[in-house]
**Student:** 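First the structure, then my questions, so here it is.
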Amino acid sequence: MSEALETPADTPAAARAEMRAALARIGAERGFYEEIGSEHSALFVEAGGTLIVTFENLDHVRDNAANRMPWGYGFVDAQGWSMLGLMAHGWTWYRDAAVFDFFDRLRDAGFFDRFERVVFYGASMGGYAACVFSAAAPGATVIAISPQATLSREVASWETRYHRVWRRDFTGRYGFAPEMTAAARRVHLFFDPSSQLDAMHAALFQGGNVRKFYCRHMGHRIASLWLRLGILKPVVLDCVENRLTPLRFYRHMRARRGNPRYEKELLRRIEARNRPRLVIRYCEAILARRRAPHFRKAMRAAQAELRRRGG
């Protein structure tokens, strides 16, 4: 069996070098690109008077494509906004003194003061980072989706995910997210209240500048589901323009109706409640609209469970 020759450009190291070179070219032409220690990098692209500071989440960290750009680059660029995109090269939660120094330096140099509006955006790991580093730009807006308040074992010992980052220090500079958002103009916090751990993190955000929006039965990966539903951009736009109200938000959320991923997540939640009759009714409603083998299988399992119970 023959093996294809691997060219240097196909190796992971070469791909990463090619990506860094491409980012450096963009930075040189439109702003700057900077390696921040060994685990992070940042691309700044200057355009309009609105600056969006984005932080990658774990879904994007897992993407090793050679042409990888900071999360949201295309969307932000299309709006004519300026962008500062932070990229993590692993499960870091941006807990690195080099990153702290980077934001301190930008703050002290008056970098954020150059813009009419500054918005920090992130989801999960990126949501945590958006919250804590917003402290470098008092008066900024924060958009945080499923963020963690902290992963400190002393404060959040109940957090059982993300074992790989437990060794990181979540104290000191830019540490506890609810405290770091105190100087923000507004914090838009989106989470699933039926996702216990995410709800516990959200409960720690208590400031008067915090607006909480419930995304029931969407699980932790809300941003990726919104992307599929086509509502991520409209929600972000409403936050940036300071026009997001509960009524406007839940109108956006109507798009979840009929979405297969959302329907499967809701089915999973119903099954976890051990209510076979409700499972049957829900599956019948789905099957009345479309072919759905996954739901037919779940319905048959629920029917078998009812027979077993003698119901």
Side-chain angles (χ1 to χ4, degrees), residues 16 19-20 23 27 32-44 51-64 68-73 76 83-108 111-112 118-138 140-156 159 161-184 187 189-190 198 201 204-205 220-221 223:
R16 286 192 294 270
M19 178 190 73
R20 287 196 295 268
L23 293 171
F32 67 76
Y33 172 72
E34 184 173 333
E35 296 284 340
I36 308 172
S38 61
E39 296 184 296
H40 305 89
S41 55
L43 175 67
F44 170 60
L51 173 68
I52 310 296
V53 186
T54 68
F55 299 85
E56 289 184 332
N57 58 36
L58 291 182
D59 285 345
H60 203 218
V61 167
R62 294 187 183 102
D63 178 7
N64 293 314
R68 184 158 62 101
M69 297 294 289
W71 194 96
Y73 174 82
V76 173
M83 178 180 189
L84 177 62
L86 274 291
M87 292 164 280
H89 311 316
W91 293 44
T92 68
W93 261 256
Y94 299 89
R95 300 306 301 164
D96 185 337
V99 180
F100 307 160
D101 292 342
F102 174 77
F103 277 98
D104 283 349
R105 175 159 47 87
L106 294 183
R107 178 199 62 204
D108 296 343
F111 173 80
F112 298 108
V118 180
V119 179
F120 286 74
Y121 169 89
S124 189
M125 176 178 79
Y128 167 79
C131 289
V132 296
F133 293 113
S134 70
T141 294
V142 178
I143 305 172
I145 304 175
S146 305
Q148 295 80 40
T150 179
L151 292 182
S152 165
R153 305 312 297 149
E154 293 184 2
V155 179
E159 174 58 87
R161 304 167 293 185
Y162 320 123
H163 295 195
R164 291 166 62 177
V165 79
W166 282 0
R167 61 183 176 82
R168 302 264 178 173
D169 181 7
F170 282 81
T171 62
R173 280 189 297 168
Y174 301 109
F176 187 50
E179 290 181 355
M180 295 296 99
T181 56
V187 180
L189 198 161
F190 304 91
D198 286 344
H201 282 290
L204 296 175
F205 290 84
H220 180 71
R221 298 174 60 219

**Student:** Looking at residues at least two apart in the chain, or sitting in another chain, which of them share a side-chain contact (heavy atoms from CB on, under 4.5 Å) with Ala182?
**Tutor:**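 With neighbours one apart ignored, the set is empty.
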
**Student:** Is there side-chain contact between Pro138 and Phe112, with heavy atoms separated by less than 4.5 Å?
**Tutor:**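 A side-chain contact is absent here, since even the closest heavy-atom pair is not under 4.5 Å.
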
**Student:** Run the side chain to side chain donor-acceptor pair (under 3.5 Å) test against Tyr174 and tell me which residues pass, sequence neighbours left out.
**Tutor:**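 Tyr174 satisfies side chain to side chain donor-acceptor pair (under 3.5 Å) with Asp104 only.
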
**Student:** Scan for salt bridge (Lys or Arg N to Asp or Glu O under 4.0 Å) pairs involving residues 121-138, sequence neighbours excluded, and state none if there are none.
**Tutor:**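 For residues 121-138, and leaving out neighbouring residues, there are no salt bridge (Lys or Arg N to Asp or Glu O under 4.0 Å) pairs at all.
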
**Student:** Can you see which heavy atom on Ala137 is nearest to which on Val118, and at what distance?
**Tutor:**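 Ala137 and Val118 have their closest heavy atoms at CB-CG1, 4.3 Å.
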
**Student:** With rounding to the nearest 0.5 angstrom, report the CG to SG distance, Leu189 to Cys131.
**Tutor:**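 One gets 6.5 Å once the value is rounded to the nearest 0.5 Å.
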
**Student:** Can I get a per-line list of side-chain donor-acceptor pairs under 3.5 Å for residues 140-147, giving both atom names and the distance, sequence neighbours left out?
**Tutor:**
from, atom 1, to, atom 2, distance (Å)
Ser146, OG, His220, O, 2.8

**Student:** Hey, what do you get for OG (Ser134) to CE (Met180), rounding to the nearest 0.5 Å?
**Tutor:**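 If I round to the nearest 0.5 Å, the distance is 8.5 Å.
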
**Student:** Measure from the side-chain N and O atoms of Ser124 to the backbone N and O of Gly126, and report whether any donor-acceptor pair falls under 3.5 Å.
**Tutor:**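 Such a contact is absent between Ser124 side chain and Gly126 backbone.
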
**Student:** Would you say that Leu23 contacts Met87 through its side chain, given a criterion of any heavy-atom pair below 4.5 Å between the two side chains?
**Tutor:**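 Answer yes - side chains close enough.
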
**Student:** Decide yes or no for Met125 and Phe55: does some side-chain heavy atom of the first lie under 4.5 Å from some side-chain heavy atom of the second?
**Tutor:**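 The answer is no, as the side chains (C-beta and beyond) never meet within the 4.5 Å cut-off.
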
**Student:** Taking Arg153 for its side chain and Ala156 for its backbone only, find out whether a donor-acceptor pair lies under 3.5 Å.
**Tutor:**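 Flag set: sc Arg153 to bb Ala156 pair under 3.5 Å.
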
**Student:** Under the rule for ring-ring contact (aromatic ring centres under 6.0 Å, His included), what residues qualify as partners of Tyr73, not counting sequence neighbours?
**Tutor:**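 ring-ring contact (aromatic ring centres under 6.0 Å, His included) list for Tyr73, sorted by chain: empty.
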
**Student:** Using a 4.5 Å cut-off on heavy atoms from C-beta on, say whether the side chain of Phe120 contacts that of Thr54.
**Tutor:**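 The answer is no; the side chains never approach within 4.5 Å.
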
**Student:** If we count only N and O atoms by modelled type, under 3.5 Å, do the side chains of His201 and Glu159 hold a donor and an acceptor together?
**Tutor:**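 Glu159 and His201 do have a side-chain donor-acceptor pair below 3.5 Å.
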
**Student:** Is there a side-chain contact between Glu35 and Ser41 (heavy atoms, below 4.5 Å)?
**Tutor:**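 The answer is yes, as the side chains (C-beta and beyond) meet within the 4.5 Å cut-off.
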
**Student:** Would you call Phe44 and Phe111 a side-chain contact if the rule is heavy atoms closer than 4.5 Å?
**Tutor:**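 Yes; the side chains approach each other to less than 4.5 Å.
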
**Student:** Which pairs with one or both residues in residues 90-103 pass salt bridge (Lys or Arg N to Asp or Glu O under 4.0 Å), sequence neighbours excluded?
**Tutor:**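 Output for this query lists Asp101-Arg173.
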
**Student:** Is there a side-chain contact between Leu84 and Leu43 (heavy atoms, below 4.5 Å)?
**Tutor:**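 They are not in contact (no side-chain heavy atoms under 4.5 Å apart), so the answer is no.
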
**Student:** Please identify which of these residues, Tyr128, Phe102, Tyr94, meets the side chain to side chain contact (heavy atoms under 4.5 Å, CB included) condition with Phe133.
**Tutor:**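 Looking at Tyr128, Phe102, Tyr94, the match for Phe133 under the side chain to side chain contact (heavy atoms under 4.5 Å, CB included) is Tyr94.
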
**Student:** Glu179: which residues meet the salt bridge (charged side-chain N to carboxylate O under 4.0 Å, His left out) condition with it, sequence neighbours left out?
**Tutor:**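 None.
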
**Student:** Of all residues at least two apart in sequence or in a different chain, which pass the side-chain contact (heavy atoms from CB on, under 4.5 Å) check with Val165?
**Tutor:**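 Result, side-chain contact (heavy atoms from CB on, under 4.5 Å) vs Val165: Trp93, Leu151, Tyr162, Arg168, Phe170.
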
**Student:** Can you list the residues that meet the ring-ring contact (aromatic ring centres under 6.0 Å, His included) rule with Phe176, with sequence neighbours excluded?
**Tutor:**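 With neighbours one apart ignored, the set is empty.
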
**Student:** Would you say Arg164 and Thr92 make side-chain contact, with heavy atoms under 4.5 Å?
**Tutor:**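 They are not in side-chain contact.
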
